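The block underneath contains the structure these notes are about, expressed in C-alpha cells.
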4 protein chains.
Amino acid sequence: MAKKRINVGLIGYQFMGKAHSNAYRQVGRFFDLPVEVGMHTLCGRNEAKVREAAEDYGWENVETDWRKVVENPEIDVIDISTPGNLHAEIAIAAAKAGKAVFCEKPIGNTLEEAEAMMAAVREAGVPNAVFHNYRKAPAAALVKRLIEEGKLGTIYHMRAVYLQDWIADPNFPLVWRLQKEVAGSGTHGDINAHIIDMARYLLGEFDEVVGLLHTFVKSRPLVSEIDASLGAKASQEMGEVTVDDAAMFLARFKNGALGTFEASRFAVGRKNHHRWEINGSKGSVVWDLEKMNELQYYSELDEAGTKGFRTIQVTEGDHPYAGHYWPVGHIIGYEHTFINLLADAFTNLAEGKPISPDMEDGLQNQRVLDAVERSSETKAWVKL
Amino acid sequence: MAKKRINVGLIGYQFMGKAHSNAYRQVGRFFDLPVEVGMHTLCGRNEAKVREAAEDYGWENVETDWRKVVENPEIDVIDISTPGNLHAEIAIAAAKAGKAVFCEKPIGNTLEEAEAMMAAVREAGVPNAVFHNYRKAPAAALVKRLIEEGKLGTIYHMRAVYLQDWIADPNFPLVWRLQKEVAGSGTHGDINAHIIDMARYLLGEFDEVVGLLHTFVKSRPLVSEIDASLGAKASQEMGEVTVDDAAMFLARFKNGALGTFEASRFAVGRKNHHRWEINGSKGSVVWDLEKMNELQYYSELDEAGTKGFRTIQVTEGDHPYAGHYWPVGHIIGYEHTFINLLADAFTNLAEGKPISPDMEDGLQNQRVLDAVERSSETKAWVKL
Amino acid sequence: MAKKRINVGLIGYQFMGKAHSNAYRQVGRFFDLPVEVGMHTLCGRNEAKVREAAEDYGWENVETDWRKVVENPEIDVIDISTPGNLHAEIAIAAAKAGKAVFCEKPIGNTLEEAEAMMAAVREAGVPNAVFHNYRKAPAAALVKRLIEEGKLGTIYHMRAVYLQDWIADPNFPLVWRLQKEVAGSGTHGDINAHIIDMARYLLGEFDEVVGLLHTFVKSRPLVSEIDASLGAKASQEMGEVTVDDAAMFLARFKNGALGTFEASRFAVGRKNHHRWEINGSKGSVVWDLEKMNELQYYSELDEAGTKGFRTIQVTEGDHPYAGHYWPVGHIIGYEHTFINLLADAFTNLAEGKPISPDMEDGLQNQRVLDAVERSSETKAWVKL
Amino acid sequence: MAKKRINVGLIGYQFMGKAHSNAYRQVGRFFDLPVEVGMHTLCGRNEAKVREAAEDYGWENVETDWRKVVENPEIDVIDISTPGNLHAEIAIAAAKAGKAVFCEKPIGNTLEEAEAMMAAVREAGVPNAVFHNYRKAPAAALVKRLIEEGKLGTIYHMRAVYLQDWIADPNFPLVWRLQKEVAGSGTHGDINAHIIDMARYLLGEFDEVVGLLHTFVKSRPLVSEIDASLGAKASQEMGEVTVDDAAMFLARFKNGALGTFEASRFAVGRKNHHRWEINGSKGSVVWDLEKMNELQYYSELDEAGTKGFRTIQVTEGDHPYAGHYWPVGHIIGYEHTFINLLADAFTNLAEGKPISPDMEDGLQNQRVLDAVERSSETKAWVKL
C-alpha cells in the first residue's frame, strides 16, 4: 500500500537550504517512515539560482514568491530557512494557511516576533518544529537517555561554549550575518542559541542569567559582491557592525544547577567548537560537535581505582539513531543531525503527535537570548 | 543540455550494497559531474529482499540473476559488491560484455582469481575501479598531497593497524566472513587489505614481507538462521573457522621505508580502529578512521620550541573533497568516502581517463596479501 | 668558594609544607643557584608530628611556636604554609622582623588582611614572594614568552576552569577547608585564585567582574577525628558549610579582552582540572595542569591547509625550566613547579631583584577575589 | 632506633647517573623505608667532572677507579650506570666482592656477557636488580594488577612502540650510542629493551620472534668535542654507524598471545613515545610514557551502550606508588619511576627478599634482544 505523501515547500536555499534539502532527500532512505516525503517546491528570490539549487538538491518545482508557496494547496509543510528577518512573516502566514511550520532557529529576530509566531501556530493548531538539530546527534540523545535513567544523578553544572573564528580577520566583510536588521544578532542568536537549546533539552528551564555581548571589530568593509564560488568580497567602503562578536553569560537553572555559556567568532583556531560538559552527582559527560560521534562519560559508579572519562563511540546499533546508518565505528556527519530531526518530525506528524523540538522550544530559547541581551544592557541579573 | 546518463547495475545489497547505493544516489548532489548517474538495476538472489532494498536505496529495477544484469545493454557499469567468491566470475563476464567494472576489495579470493580478472579487463579494455574508499577520505588525500609536495621528506616508517572486536566473543557464530571458501580470508583480505592499499597509495610498492596469520578461536557455533533485524543467530552445532582472526606483518618498501601492519578482530574495545602513522625526514602524519575528519601533522620546519603534532580539521574549502560538503568544522562521515570515490570515478570515466584506484591496484594489493599468506606458511620473508 | 647560605623557616607541614619542603631540598640539585638553601626550621603546633615531618622532609630543627621562628636571627626567609587565618599575623611579624616573606596563596583571608600584609612588607622593605606556582610550569612560562613575542597578537578571550570533585559526596565531612573562619573561602580562594593569577600573569589586570559563589551542600557531618593514614573521619553530628562549593565569574580586562572563570569542587570526574584557553588575533593556546608538560598551540601564521592546534611537549632543552631536568619527552610533575618558583626566587633574592610573583601579585589577586564576592552579594558588576 | 644504613656506590654520572642519584636522594623522603640509603661514592673517569656531579647530586665521596669502589668494604650496593661495554666486568667483580649489584639495562652488550653476569651473581648469591624502571610507573603497575585480577581475561595482543627522533638529522654526530663496541646496539638495546621488558612483565615469556634491524644513515660526522652545555659537536670527518636506527619484530608468546614491537630513532616528531596496547578477552589497556600518569582502560564488563576506553588518572591514593606523593590529579614525572624502583629494591633488600626486576629479568630480556638480532641476520623466525 502506498504511503501518504507529505509535500514540503522550502523557503531559502543557502547553507541551511542545502542541509535541509539533503535531509528531506535522505530521511526515507535510512528510516522506515510512515509517510512519503515529497520535495515539492524550493523558493528563493533569484530565479536562476533557485532553479539551479532545485536541480542540485532534488526539488520538483521552484518559486520566487514565498507567498505562493504558502498558499499552494498541494503543500503540507513550510520550511523556513531564510535569514531571520523573514521568519515571523512567513511563519504567521503559513500557520494561517493551515500548514505545518518547520522553522530555523532562532525563530525570530526579537522576542516579540517569536511570541507572535508562537501565537499564530497555537491559534491555527498546526504542527510545528524548530531546527535545533544538535539534539538529534546520537551522542546528545544518549546523554538525554543517561540523564533520564538517573545515571548522572543531580545535575550541578553545565559549561558550554560555541567557538568559531571565521570573522576574526578585521578585513572580513560586513555580510548579512553581521547586520542586526537582517540577522537579529551575531554569535548570540546564531550559536549561543544552540548551546542554550542543549541546556534546556538536558537540564530544563533557566531561572536567571547575567551576561554580556561584545563587538571586537566595530566597522568592516562593505560587501561589494557575492560570488558563490569565492565567498563574500570586500569593497573599499566601511560599514558599522551592528551585532555581537562574542556573547557570554552565567546562569542559574530552575533545578538548582549552575551554567556558563560562551559564544564567539573570535576564537582563533576554533572552527565549529560546540562543546559542553555536564557534571552531576553520579557522573559527568562531555560532548564536542567536531567529534560528534564520541561521548565522554564518567561514572562515579565504576569500580574504585578504575574510574575515568570513557570515550564512547556512539555508533552502536542500540544507540539513538545510529542503528539506521552503518556498523559500529563507521561515523556519521553533521548532515545526519538534520536527517534524524526529520525522521522524528515526520513520524510524529504522521502519528498526530507533537514534534520535539517545536515552536515552544524556539520561543523559550528566545526568552533566554532576550534575557541575556537585557542583562548586557542593564549590567544586572535578569530573571526568566 | 542534458548530461549523458551512465547506468549502473549493482550486484549485492548488504552492507557494501547499502554504502554504494547511497553513494550513487548522492554523488551528483554534491559534485557537478559531467554525466548523470543512473541507478538502473539492483541484483540479489532473494527477490523479496532485493526488491525491498531497491526501494529503500532508490534503484529503478531489480534482478535475481547477475548474468542478466551483465548482459543488459542498457547498463554501462557493473558494480560487484558480493562476497568474494563471486567476484572473479562476474568481473570476467562483465568485462567480456564490455561493461565498466567497479569491484569491491579484495578483488578476488585468491591471487589467481585476481590475475584472471585483471587479464579480462585489460583484454576487454574496459574502464575499471576498485573500492579502496579510504583513499578518498579528505585527510588521506591531504596526506598524499603533502607527500607529493615533499612536506614529509624521505619516508622512513609506516605503522598501520586495523583493529576490530566484533568476533572476540567465542560464541559469535560462524558467519560467511569466517568461511574461507566464501570470504577467501578473514581479517587479512577484509581489513589488512585496506591498510595495504593506504601504504601503496602513499609510499609505493612493497619489496618484501614477513608475517603471520592466526586463528584464536578455531571452532564456533554454526549460524542457524539469519534474521535481518537480529543479526546472525547461533545454533547448537559447531563448525570450523577456516580464516584468520588476526594477521600481522613487517615490510620493506621499494623506496627503503619500513612498515608494520596488523589487523585483528580480537582487539577488544576497538571498533573500527584503522589508524596509521607515517614518519618522514621532514615531518610525520597520523590518521585514524574513527576521527576521519582530523589529521595529525608534525612539521620539522616549524619554529624551534613550538613544534608539535597539529590536529588539522580537514574540513576546509580547499582541502580535498571537503569544499563540496559543509562549512569548516562540520564533519562528514564514513559514507562520504564512497561518494568521493564515485565522483572521481565518473569524472574520469566521462573524460576517458583511467580511474584510480583501479583493478591493477586491486591486483597489486592481492599480491601483497598473497605474499604475507605464503610467509605465514613458510615462516620466511617473501619477496614481491 | 662557598656560597652564602640562606636559611628558611617553614610554618606548616601538611600538603603545602610537604611540597615546599621538597622544593627547598631539590632546587639546588637541578639549578645552579648563587646561594645555598638552608632548611633550617620546620614549625607546627603538634610537636610529635612536626618532628616526624622534619625528619621525613629534611629539616634541621623543629619549633612549635611560629613566633620563635620569626624571631630566630639565624633564619632569613619565613615561608607561610599554614591555613589562611594565620597568614596575616605571621607575615606582618616576619616583615617587622626583617625577614623575607614567602607566602602561600591566597595571601589573606580577606582583602583587609592582604592589604595589611602588603603594607607591612612594603614598609619593612623585605623581599617577598607568593606561591602562585603554576606560573612556573614550563608550558605556562612558554605561553608568557609567546605572548611577549607577539605570537598570539591581540588577546580576545581567556576561558579558565579549575574543577575538582573531592567533596562532591555530601557525606564528606566538614574539614577546615570548608570553614570560612579558617579557610576564608572555599573554591574561590583555593582554586579560583590560581586561574585568576594565570590571567593576571598572561593578560594583565582585570577591569570589572560579575559572578556568583554557591554552596550546593549546606551542612555536612563534623569531623570526629583526623587520622593521617585514613583522612578525615565523619561524626554523627552535622555542621554548617560556610564557604562556597563553586564560584564563577565573567570578566573584562583592561586590555579589552573578555574572560570566563569557574571553580568547582562538584565537577564529578574532574580531579585537578586546571585548564585554560587563550585566543588572540594571531593564535591560541590551551593548557591543562593534568597534562602539564603539554601545550596546545594554534598559529594563524601556519601555512593554509595545514593549520591546527599543535601539542607541544614542553620538555625541550630551550623551553623554560625544562633544560634543568631530563631529556625531551621525559616529563616532570606537579612538584617541579615549586622547584622552579624557588629557583627564580632565590636567584632574585641573591641578586637583590624583586621576586615574581610577589606580595603585590597576591594583593591584586585578592582584589579580584574580593570583587567577585561582592558581585555575588550585590548581583551586580564590580569595577576593580 | 636508628635504621641500618645501606651504602651505595654509583658508577657513571651522566643521564642515568643523574636519574639514579635523584632517586637515591629522594626515595627515603617519600617512602618509609626499613633502611637508611647512604649516597656513599660516585665514580667516573674524569675527576673534575665527577666531583662536580657528586656535589650537584649529593654524593659523599668520589672515585675515578671503579675497582676501588667495588673493593670498598663500606659500600653495600654497586650501581652500574656506565655505557654497556663496562657492565659485565664491573658486575662480575662486584658480585665476587659480595656486593649487591644494581645494573642499568640492557645488562650486557651481548648475550654471552649477560649470561656471565647472571652466573656471577648467582654463584655469589648476592642481591641484584635491573633498572627496568618503567614497570614502576603507577599506571604500568596498575595494569599488572588488573591482569592478575583477571580484568583483561585471556590476552590476545600486545602492540608496543618506542619512538624517538633525536638522530633523524643525518648531520647528528656519531656519539657513543651509535657505536656498537660501546653501546652494543642502537635502538634495539636502548629502547626496544624497555618494551620487551614490559611484555615479559605483563604477558610472560616470548616463544618465538621474527624481526629486522635497520640503519637508515650509515655514516655520520665524528664527534669533535663534547661540550656539556652544547651537546655533542660534529667534526668534518665521517665515521661508520655500527648500530641500528630502527628495530622491529613480530612475536608469539608462550601464553598464545601475539605481539608487534618497534623501536626507532627516526620517527620525526616522536620524542619519547613509549606506547603499548594490550587486548584481552575482557578488556584492553593503552599506556603512553609521555602521558605516564594516565591509563586508557576498556572493560567489556561495562554496561552495554556506555562502553569505551576510560582515561584513568593513576594518581589516586590507592593506586600503586601514587599515595606516597601528591593528592589525586597532581602528577609525578619520569624521575619517580626510579624512586619507586628503589623503594621496592631497598625494601626487599632489607627483608632479604629477591628484588624485581632482577638480573634474571635482564638476562631473559637479552635473550629476546639476541633472538631478534639473529632473526634479522637469518631472515627467519627464531625460537626462544
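Owing to the predicted nature of the structure, the values given are computational and were not obtained by experimental measurement.
Per-residue counts of heavy-atom pairs under 4.5 Å with chain B were compared for D:Glu300, D:Glu208, D:Glu277; the largest is that of D:Glu277. Counting heavy-atom pairs under 4.5 Å between each of B:Lys282, B:Lys307, B:His214, B:Lys271 and chain D puts B:His214 at the top. Contact tally against chain D (heavy-atom pairs below 4.5 Å) for B:Val210, B:Asn279, B:Thr260: the top residue is B:Asn279. Note: D:Leu163 leads D:Asp165, D:Leu163, D:Asp169 in heavy-atom pairs under 4.5 Å with chain B.
B:Glu205 meets the side-chain contact (heavy atoms from CB on, under 4.5 Å) test with B:Arg200, B:Lys254, B:Gln364; sequence neighbours excluded. Looking at residues two or more places apart in sequence or on another chain, you find a ring pair (Phe, Tyr, Trp, His ring centres under 6.0 Å) between B:Phe206 and B:Phe253, B:Phe261. B:Tyr156 is linked by a ring pair (Phe, Tyr, Trp, His ring centres under 6.0 Å) to D:Phe216, D:Phe266, counting only residues two or more places apart in sequence or in another chain.
Contact annotation for residues 374-384 of chain B against chain D (heavy-atom separation below 4.5 Å, listed by residue number): B:Lys379, B:Ala380, B:Trp381.
Residues B:Ala246 and D:Leu258 come closest through the heavy atom pair CB-CD1, 4.2 Å. Pairing each heavy atom of D:Leu250 with each of B:Leu212, the nearest pair is CD1-N, 4.5 Å. The two residues B:Gly259 and D:Met248 come nearest to each other via the heavy atoms O-SD, 4.0 Å.
Residues D:Arg270 and B:Phe309 meet the side-chain proximity criterion, which asks for heavy atoms closer than 4.5 Å.
More than 12 non-hydrogen atoms from other residues, nucleotides or ligands lie less than 6.0 angstrom from CD of B:Glu149.
Residue B:Val285 does not touch chain D at all, counting heavy-atom pairs closer than 4.5 Å. Only the backbone of D:Ala168 comes within contact range of chain B, with heavy atoms under 4.5 Å apart. Residue B:Leu152 does not touch chain D at all, counting heavy-atom pairs closer than 4.5 Å.
Using modelled atom types, no side-chain atom of D:Ser284 and backbone atom of B:Gly269 make a donor-acceptor pair closer than 3.5 Å.
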